[in-house]
Amino acid sequence: QVQLVESGGGLVQAGDSLRLSCAASGGTFSSYAMAWFRQAPGKEREFVAALSRTGINTGYTNSVKGRFTISRDNAKSTLYLQMMTLKPEDTAIYYCAADSSSPGSLTVRLREYEYQYWGQGTQVTVSS
């Protein structure tokens, strides 16, 4: 059973930066494609960024391109999301997700249903 624990959220001002972390346990982290999703108040959960299990390929939603960077450290079984130039519209609960279906080394998953394991989320609030 894979467990994912997010951390690093908080209250920041517009223009600030934050780095989210997602610590994985209970499985072979290096074999998982990973992603970050977020859910704003009153809205459905949406895709933010994804990363292949090798870390070579990435995918981002348009609204965060150039501001957010997804990365992973397989030796530490940890996924990261570096968020820069934060905007009030980035306010949401951020979730990390793992695809343990033995994806290809360059496979990037963009859809919720493609992920089997989810963390509990970490709140990011950006004030204007």
Side chains of S100 and Q116, donor plus acceptor under 3.5 Å: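 Result is yes, a qualifying pair exists.
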Residues R53 and Y32: side-chain donor-acceptor under 3.5 angstrom: no
With sequence neighbours excluded, residues passing side-chain hydrogen bond (donor to acceptor under 3.5 Å, both in side chains) with N74: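 Per chain and number, N74 pairs via side-chain hydrogen bond (donor to acceptor under 3.5 Å, both in side chains) with R72.
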Are [Y] and [X] linked, directly or through intermediate hydrophobic residues, by side-chain heavy-atom contacts shorter than 4.5 Å (ILVMFWY only)?
X   : Y    : answer
F29 : I70  : yes
W36 : V108 : no
M83 : L79  : yes
L18 : V64  : yes
V12 : M84  : no

Heavy atoms from other residues, nucleotides or ligands near CD of Q3 exceed 12 (cutoff 6.0 Å): no
Below 4.5 Å, heavy atoms only, C-beta onward: do [X] and [Y] meet side chain to side chain?
X    : Y    : result
I93  : T122 : no
Y94  : L81  : yes
Y80  : D73  : yes
T107 : S52  : no
E6   : Q120 : yes
M34  : D99  : no
Y95  : R38  : no

ring-ring contact (aromatic ring centres under 6.0 Å, His included) partners for F68, two or more places apart: none
Partners passing ring-ring contact (aromatic ring centres under 6.0 Å, His included) against Y117 (at least two apart in sequence or in another chain): none
Check against side-chain hydrogen bond (donor to acceptor under 3.5 Å, both in side chains), S30 and T28: CA-CA 6 Å; S30 60; T28 305; over 6 Å; no
Worked check of salt bridge (charged side-chain N to carboxylate O under 4.0 Å, His left out) between D90 and R67: CA-CA 11 Å; D90 295 318; R67 299 190 298 121; 2.8 Å; yes
Check whether any side-chain N or O of [X] sits under 3.5 Å from a backbone N or O of [Y] as a donor-acceptor pair, and report yes or no.
X   : Y    : result
Q39 : A92  : no
T91 : V126 : yes
T54 : S105 : yes

Test log, rule ring-ring contact (aromatic ring centres under 6.0 Å, His included), inputs Y60 and F47: CA-CA 8 Å; Y60 297 92; F47 167 77; 8.1 Å; no
